[in-house]
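In what follows, a structure is listed as structure tokens, so that the remarks can point back to it.
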Number of protein chains: 2
Amino acid sequence: MSNPKADTAPTNPSARDKLLAAGFAVIRSKGYSGTTVDELCAAAGVTKGAFFHHFKSKEALGVAAADYWSEFTGALFASAPYHDHADPLDRVLGYIDFRRLLLSGELPDYTCLVGTMVQETYLTAPAIRDACHASISGHARTLAPDIQAAMDAHGMRDTGWTAESLALHTQVVLQGAFILAKAEDSVSVAIDSVDHLKRYLTLLFSQPEEKVS
Amino acid sequence: MSNPKADTAPTNPSARDKLLAAGFAVIRSKGYSGTTVDELCAAAGVTKGAFFHHFKSKEALGVAAADYWSEFTGALFASAPYHDHADPLDRVLGYIDFRRLLLSGELPDYTCLVGTMVQETYLTAPAIRDACHASISGHARTLAPDIQAAMDAHGMRDTGWTAESLALHTQVVLQGAFILAKAEDSVSVAIDSVDHLKRYLTLLFSQPEEKVS
DNA sequence: GCCAACATACCGACTGGTCGGTATCAATAG
DNA sequence: CTATTGATACCGACCAGTCGGTATGTTGGC
């Protein structure tokens with residue numbers, strides 16, 4: 001109900017969107033279970049009545065937030081500059097550089113909403129887990145073609161791994177980097193790991209013949 | 001208080017230990033915030049009075065569980081067979097193999113308690129975050145000497161990365177692998193990522209430059 | 001007796017969720 | 001032009017149940 005089509009938000013710029021934006025901030029700070037509906041309402045500056053007018057339950061907001069996260073990040077990465085490189089490997093490495101660039105500000109600003117949510121809800125709220133899964137795997141799927149093209153360009157066959165698995169591995173490193181960053185309360189460990197990831201990709205694609213910077 | 005020395009459990013095999021064991025299982029399934037004290041008591045088969053006799057608060061149990069996790073995993077990895085290799089690189093790769101071997105059973109069986117907890121508590125419960133940080137960084141610290149020895153054996157200097165950062169990177173990959181596994185409800189993505197990690201280490205230490213062995 | 005180790009009953013604050021109501025706008029009829 | 005209808009957006013008091021935590025036992029070893 002409520003919103004027949006979950007578009008980017010043409011009709012009303014108000015309560016529903018404010019709640020989703022508040023969801024991004026609050027859930028990334030305190031987790032899904034640690035976030036209360038009242039808190040969400042307070043952060044969004046709306047009342048509880050407005051909340052349950054737009055979302056039939058707290059879990060429904062979790063799903064909607066994950067979906068909105070997919071849209072949001074989808075637009076962000078679609079418009080990122082790394083797609084402009086002619087060489088597919090440069091596009092892949094450019095993606096890593098872009099992810100590294102995004103690691104700034106406070107922890108709740110650069111950590112991943114769906115990675116945070118799925119940790120707590122994978123068993124208790126399958127609907128949220130599915131939405132988080134769709135977000136992560138959908139994002140990874142945008143990387144796979146460039147990786148595959150790079151593999152083809154380097155004549156790589158029978159590698160023992162697939163473009164899809166490497167795309168997922170980049171997400172694994174990023175998600176893990178967020179966890180270590182939270183534990184250390186510092187972004188530096190995340191940056192180091194992204195550097196290790198880039199080094200891995202560089203080594204992978206440096207055939208015996210060719211050289212790599 | 002309560003337990004002056006948190007030994008492996010010689011004095012009382014009862015309520016406190018049962019609660020910690022229940023904490024492992026329940027928190028890994030539902031997260032820290034999603035776990036209630038009543039649930040913990042039910043899972044441990046003790047009453048609420050017993051809970052608050054041994055832990056002054058739910059947060060105190062979180063800290064104790066993280067500390068106990070450090071002990072538990074410390075003993076597990078200390079007695080693992082990968083230390084027996086003569087070559088330091090073999091010990092490091094053996095560690096990766098061992099981690100891969102541990103990826104079996106259901107998700108709550110092989111995922112990391114402290115990685116799960118720190119996601120939700122890094123801002124709201126600093127004491128838990130610190131305990132989780134100590135657990136992760138302490139574990140990484142057990143790997144660093146072998147990595148450093150392997151670097152020395154291969155005559156690696158000015159690599160642009162340190163043994164410590166690579167040790168932390170292994171933890172990043174594992175933590176991230178758990179998140180993706182939860183999202184996909186499958187262990188295979190975690191296994192693939194651990195394989196990528198091993199491939200990275202293998203490539204790193206097979207530089208064509210110098211060989212000292 | 002005494003104290004640690006539990007058990008039972010209970011509390012107040014808070015939780016997700018409900019419900020009757022209001023404000024606003026568009027369409028339609030008279 | 002007004003009146004009516006109906007749909008949507010939002011308000012905020014309220015509810016029943018749950019939460020972490022406490023107060024008061026009871027038991028058993030030393």
Check the pair Glu39(A), Lys30(A) against salt bridge (charged side-chain N to carboxylate O under 4.0 Å, His left out), reporting the backbone distance first and the verdict last. CA-CA 11 Å; Glu39(A) 204 169 1; Lys30(A) 325 179 98 179; 2.4 Å; yes
Do Val173(A) and His169(A) pass the side-chain contact (heavy atoms from CB on, under 4.5 Å) test, and can you show the C-alpha distance, the side-chain angles, and the key distance before you say yes or no? CA-CA 6 Å; Val173(A) 171; His169(A) 181 64; 3.8 Å; yes
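Atom pair Phe55(A):CZ and dA9(D):P shows a separation of 11 Å (rounding to whole Å applied). Atoms CG (Leu19(A)) and C1' (dC11(D)) sit 13 Å apart, rounded to a whole Å.
Distances shown here put every side-chain N or O of His54(A) at or beyond 4.0 Å from the OP1 or OP2 atom of dA9(D).
Of all the residues in residues 121-131 of chain A, not one reaches under 4.0 Å from DNA chain C with any non-hydrogen atom.
Out of dA5(C), dA7(C), dC11(D), the shortest distance to the side chain of His53(B) is found at dA5(C).
Separation of the Tyr122(A) and His133(A) ring centroids does not fall under the 6.0 Å cut-off.
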Protein within reach of the bases, or only the backbone? For nucleotides 14-23 of chain D, mark each nucleotide 5' to 3' as B, S or -, using heavy atoms under 4.0 Å. -----SBBB-
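Relative orientation of the Phe77(B) and His139(B) rings is tilted, given thresholds of 30° and 60° on the angle between their planes. Between Tyr110(B) and Phe178(B), the two ring planes are tilted [angle within 30° to 60°]. Using bins of under 30°, 30° to 60° and over 60° for the plane-to-plane angle, the ring pair Tyr82(A)/Tyr95(A) lands in the perpendicular bin.
In this structure, Lys58(B) satisfies the cation-pi test against Tyr32(B), with its NZ or CZ atom closer than 6.0 Å to the six-membered ring centre and inside 45 degrees of the ring normal.
Taking Thr111(A) as the reference, nothing meets the side-chain hydrogen bond (donor to acceptor under 3.5 Å, both in side chains) condition, with sequence neighbours excluded.
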